Amino acid sequence: MSFSTLGLSEKVLAAVEASGYTEPTAIQAGAIPYVLERRDVLGIAQTGTGKTASFTLPMITLLEKGRARARMPRTLILEPTRELAAQVEDNFNRYGVNHKLNVALLIGGVSFAEQDRKLERGADVLIATPGRLLDHFERGKLLLQGVDILVIDEADRMLDMGFIPDIERICKLIPFTRQTLFFSATMPSEIQRLTDTFLQNPAKVEVAKASTTADTVTQRIAAAEPEDYEKRAKLRELIEGAEDLQNAIVFCNRKRDVATLFRSLVRHEFSVGALHGDMDQRSRMTMLDNFKKGNIKILVASDVAARGLDIPSVSHVFNFDLPIQAEDYVHRIGRTGRAGRDGTAISIVTGKDEKALQAINETIGKELEWVGEPVDFSAPVEEKKSRRRSTRGQKDKNRSRKSKAEAQEAPVQEADSVPAGLEEQPMVPMHTERRAPARARGGRRTNQPKDEAIFRNASHIPAFLLRETRSKVQSR
DNA sequence: AAAAAAC
């Protein structure tokens, strides 16, 4: 199978070849001919299957005829998150090198001015998250009656995020004569209803569901005490003990925990970045970019990074917290072991996680194996105080199990406290212009890092990367 | 107990 048999234009084929691709993936081979025939397409595919190129390549081919008019984009692609939208833009830039496409990215968190300019100039391709798109529409800056191709990507995720009413509204604003390409990893009933309403005689292209537990991913769980500082110590131990760690994503359930953990790892001189939805857009983009380029080895992230992000090779995934929804576990560990590469996923489990762990084991259809000693779920997991009173023996046993180094490690910073000198610090992330602790400024090191790639002085991180959202709000 | 997304 080769790209040349799919009906793509010469210019597109040249760009694909220049990118080094020779063989289409299953979803590309299945969907591209239908798109070029102007059929509606229902694509059922996970991320990491080459889904994006399955619509961008034929779209670029189709866009060769005709030209955009001011404020009337010719095509519209809806994405659930800003990062995914930006990723699709990258895709158009890469495969559209031989074309003069006007591509406009309409996402929140950035100024309207440039987006307006691009709309005014006439966009061949409009890539948007629903909120910002509707915002532009309501301001009258955008006319949707010229849209010829509508792409709805990651529909099931849009559903999870409550975007379906917005999607329905947008669909109704676009002429009935359009071509619609609809992608979803799963087909829950609400999504089925949506496709029944908005697709006309679609060609259904389904690619085998990537097995939830890719054989190339080694999955393990590691026990820790439930206190945050204990979990952070365990995480450092896991990172330092990891074999062949090239780069890693560390998932936390909550944004504030992303922030706290990020600061803690900076203090411990890891090469680390953070990513969550409350960070300003510029930081989000730069963090992700630096992580992709390898400037940052460890990315602490919320579930904003769990799905869809195209980070080609992550050697390790760590779950600082077990995800609340077992399904999210699958998405998180799907960040590693991609494209047949080896990957390792290690999750920290505490006495409070019994139910979450059960749910995950059920979802993946096997029992996760422990590294080190397992958590004793039969032990009471009430508040620490009551446990101390009721089961002193158990507690002492736990303490003696801890290594000396761990025991000596004072709580780096409790979730609710801040290290000295950073009292006024915002949640996320640390601001380097304030005085960081001596170690983070490259001062005396108490323990010599053994791996230069994973450990690094934090002082190189550009200040704007470490700025938090509130400054933006204050400046208004 | 969460996160994501418009201002």
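Lettering follows sequence order; numbering is per chain, from 1. It should be emphasised that the depicted structure is a prediction, and the values quoted were computed from it without experimental measurement.
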Between [X] ([atom1]) and [N] ([atom2]), how many Å, whole number?
X	N	atom1	atom2	value
A:Leu84	B:dA4	CG	P	13 Å
A:Leu159	B:dA5	CG	C1'	14 Å
A:Asp278	B:dA5	CG	P	9 Å
A:Leu275	B:dA3	CG	P	13 Å
A:Arg256	B:dA4	CZ	P	15 Å
A:Asp303	B:dA4	CG	C1'	9 Å
A:Arg332	B:dA2	CZ	P	13 Å
A:Ile164	B:dA5	CD1	C1'	13 Å

Taking only N and O in the side chain of [X], is any of them less than 4.0 Å away from OP1 or OP2 of [N]?
X	N	answer
A:Arg82	B:dA6	yes
A:Lys255	B:dA4	yes
A:Thr129	B:dA4	no
A:Arg284	B:dA5	yes

When you measure from the side chain of [X], which nucleotide among [options] comes out closest?
X	options	result
A:Asp135	B:dA2, B:dA6, B:dA4	B:dA6
A:Glu138	B:dA6, B:dA5, B:dA3	B:dA6
A:His276	B:dA2, B:dA5, B:dA4	B:dA4
A:Asn253	B:dA5, B:dA2, B:dA4	B:dA2

Next item on the list: Sort and list the pairs that fulfil ring pair (Phe, Tyr, Trp, His ring centres under 6.0 Å) and have at least one residue in residues 138-179 of chain A, not counting sequence neighbours.
Entry: none

Next item on the list: Please answer whether the main-chain N or O of A:Asn361 pairs with a side-chain N or O of A:Glu367 as donor and acceptor at a distance below 3.5 Å.
Entry: no

Note to self: Has A:Gln28 got a side-chain atom pairing as donor or acceptor with A:Thr25's backbone, closer than 3.5 angstrom?
What the structure shows: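 Yes.
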
Next item on the list: Check the angle between the aromatic planes of A:His316 and A:Phe318 and answer parallel, tilted or perpendicular using the 30° and 60° thresholds.
Entry: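 If you compare the ring of A:His316 with that of A:Phe318, the planes turn out parallel.
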
Margin query: If the condition is ring pair (Phe, Tyr, Trp, His ring centres under 6.0 Å), which residues does A:Phe320 pass it with, not counting sequence neighbours?
Written below: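 Residues passing ring pair (Phe, Tyr, Trp, His ring centres under 6.0 Å) with A:Phe320: none at all.
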
Next item on the list: Starting from the C-alpha separation in whole Å, work towards a yes-or-no answer on side-chain hydrogen bond (donor to acceptor under 3.5 Å, both in side chains) for A:Gln192 and A:Asp196.
Entry: CA-CA 6 Å; A:Gln192 187 64 54; A:Asp196 293 345; 3.3 Å; yes

Next item on the list: Indicate, with a heavy-atom threshold strictly under 4.0 Å, whether A:Asp166 touches base, sugar-phosphate, or nothing.
Entry: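 Touches nothing.
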
Checklist line | Strand contacts (DNA chain B) in residues 316-325 of chain A, 4.0 angstrom heavy-atom criterion | finding: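 Those residues are A:Ile324, A:Gln325.
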
Check: When A:Pro73 is tested against each of A:Leu142, A:Asp124, A:Val125, A:Leu106 for side chain to side chain contact (heavy atoms under 4.5 Å, CB included), which residue passes?
Finding: A:Leu142

